[in-house]
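First the structure, in the form of structure tokens, and then the observations on it.
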Protein chains: 2
Amino acid sequence: MKSLPEKTIERLSVYRRTLLNCLAEGKEYIYSHEIANLHNITAVQVRRDIMLIGYSTTLKKGYNVRALIELIGDILDSPRGLNVAVVGIGNLGRAITAYFRGKRSRLQIVAAFDTDPEKINRVISGVKCYSMNDLQQIINEKQIPVAILTVPPDYAAKVSEALVYSGIKGILNYTSVPVNVPSDVVLENYDMITSLEKVAYYVKQKLGDNSKVSYEE
Amino acid sequence: MKSLPEKTIERLSVYRRTLLNCLAEGKEYIYSHEIANLHNITAVQVRRDIMLIGYSTTLKKGYNVRALIELIGDILDSPRGLNVAVVGIGNLGRAITAYFRGKRSRLQIVAAFDTDPEKINRVISGVKCYSMNDLQQIINEKQIPVAILTVPPDYAAKVSEALVYSGIKGILNYTSVPVNVPSDVVLENYDMITSLEKVAYYVKQKLGDNSKVSYEE
DNA sequence: TAAACAATGTTATTCTTTTAACAATAAATA
DNA sequence: TATTTATTGTTAAAAGAATAACATTGTTTA
């Protein structure tokens, strides 16, 4: 399989969730422009993404929702599922596990880690919490290739090192500190403060355009 | 001011936080390649970003950290700060307010909204929580142009409509549902499930490359 | 059935972003 | 002081992503 553009991968993930909703509402077929409207993008982009994953329909009644979902699954999911750990089970960690709760998904959050003795050995948001000291052991025992990093900023670097050392293959970093990993480990840094500052920047630009008030004095 | 590339805006936000740390450690000057190493990017990209914001140094001792921070502030921040509301103060909402707690920033989270009677009129993570019914009133009274949307998926569409109607200028949407706003409202959709699925996809790819095991049977 | 329409599939173009190439110059060194 | 080195600033090229243009083809309708 030739590799798909990163942005297409992202959109496929979102498409799938929207399509699952459609299916739940009894919708069997969907037009490219309907998918587009649901996501604030153009129908061309939708069609192009769908072309890239090799789906095509001869009908003019839109795409078969079920078939599309399945095909996206073939691309995104690992056949046997993929285990995930949440490292740092504070508010953010719990928010993420909550997202997955009850969802039937090929991604399973199978362990949480924390340093707080109050949390260790308890089940939090449906996930057993282990001591950070047992990181390597549990990751190996449970065969966990992916970790979500939601520890306080000061611990980010140390913990990500430990994760790499424990053999983790992918890290989704939600701390506000960029972390560094060897090139054979997949890394996605996402920074919530940055997104907020970005929105604020564009809002400032717009306000500045419409009324110079805030700059006048 | 000519408008800067979106990616540059994002990086500036991250640079600033890293630079603040450097300053806290007593570092007065920093080389482009040092900034680059901290962020897993190239020095050229750093220099280009810095060129774009119009900073330049005649010294060969690196950039003046203090000056850079200030200049980034001139670009990103509104002179008088910008008020922000968190709409839906569950785990995710609390995680975000916690980020900002104690941070001296030009972005202030000044209100939370929720429907849970247990939360309304209480102070949560340092922020007063109001009833969702008072959205418009409070947004106007407190002059809040930016909202962070962290409500359960089913409420996302309704609440974002209400926000737009209340005169909000920017929405940062963390629900797993894409929302739609008029073109004069700044919108950033960020989907945590998608980022996790993306990491999982690339991990799958890598594992597939190294050992075909998972596809063999 | 023929014409018009509406939808998809694909190539070409444009735009954005990153990377490369290299000129300029302060600082260090022989 | 002349030479080398290290660093910045800037233009040029390449890569990646979105958009536009358009060909194709079921479906509907006169």
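FYI, side chains are in, hydrogens and waters are out, and symmetry mates aren't considered; it's all heavy atoms of this structure. Predicted model only: the values in this text are computed from it and were never measured.
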Side-chain donor-acceptor pair present, [X], [Y], cut-off under 3.5 Å:
X       : Y       : value
T42(A)  : R47(A)  : no
S195(B) : Y190(B) : yes
D49(B)  : Y15(B)  : yes

Can you tell me the distance, in whole Å, between the [atom1] atom of [X] and the [atom2] atom of [N]?
X      : N       : atom1 : atom2 : result
L4(A)  : dA18(D) : CG    : P     : 13 Å
H33(B) : dG9(D)  : NE2   : C1'   : 16 Å
I30(B) : dT7(D)  : CD1   : P     : 13 Å
I41(B) : dT17(C) : CD1   : P     : 14 Å
M51(A) : dT19(D) : CE    : P     : 16 Å
R48(A) : dC15(C) : CZ    : P     : 17 Å
D49(A) : dG16(D) : CG    : C1'   : 14 Å
N37(A) : dA7(C)  : CG    : C1'   : 14 Å

Please tell me which of the listed nucleotides, [options], lies nearest to the side chain of [X]?
X      : options                   : value
K60(A) : dT18(C), dA20(D), dT24(D) : dT24(D)
Y31(A) : dT11(C), dA7(C), dG9(D)   : dA7(C)
Q45(A) : dT18(C), dT8(D), dT19(D)  : dT19(D)
K61(B) : dA28(C), dT18(C), dA26(C) : dA28(C)
Y63(B) : dA18(D), dT8(D), dG9(C)   : dT8(D)
L59(A) : dT19(D), dT27(D), dT19(C) : dT27(D)

R17(A) bridged to D191(B) by N-O distance under 4.0 Å: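 Salt bridge flag = yes for D191(B) with R17(A).
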
* Answer yes or no: is there an ion pair linking E197(B) with R106(A), defined by an N-O contact shorter than 4.0 Å? =>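 R106(A) and E197(B): not salt-bridged.
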
Inset, instruction - Assess the pair Y63(B) and Y55(B): is the distance between their ring centroids shorter than 6.0 Å? - result: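 Yes, the ring centres sit under 6.0 Å apart.
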
Q. When you match K7(B) and I50(A) each to their closest nucleotide on DNA chain C, which lands nearer the 5' end?
A.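 Final value for this comparison: I50(A).
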
**Message:** Regarding T57(A), tell me which of base, sugar-phosphate or nothing describes its non-hydrogen contacts under 4.0 Å with the strands shown.
**Reply:**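 Since only primed, P, OP1 and OP2 atoms lie under 4.0 Å of T57(A), the category is sugar-phosphate.
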
So what does T58(A) hit on the nucleic acid, given a heavy-atom distance under 4.0 Å: a base, only sugar-phosphate, or nothing?
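Sugar-phosphate contact only.
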
For a quick test of reading the model: is some side-chain N or O of [X] closer than 4.0 Å to OP1 or OP2 of [N]?
X      : N       : result
S32(B) : dT7(D)  : no
S56(A) : dT8(C)  : no
R47(A) : dT11(C) : no

query: If you pin V44(A) and E6(A) to their nearest nucleotides in DNA chain D, which one's is more 5'?
result: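 Residue closer to the 5' terminus by nearest nucleotide: E6(A).
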
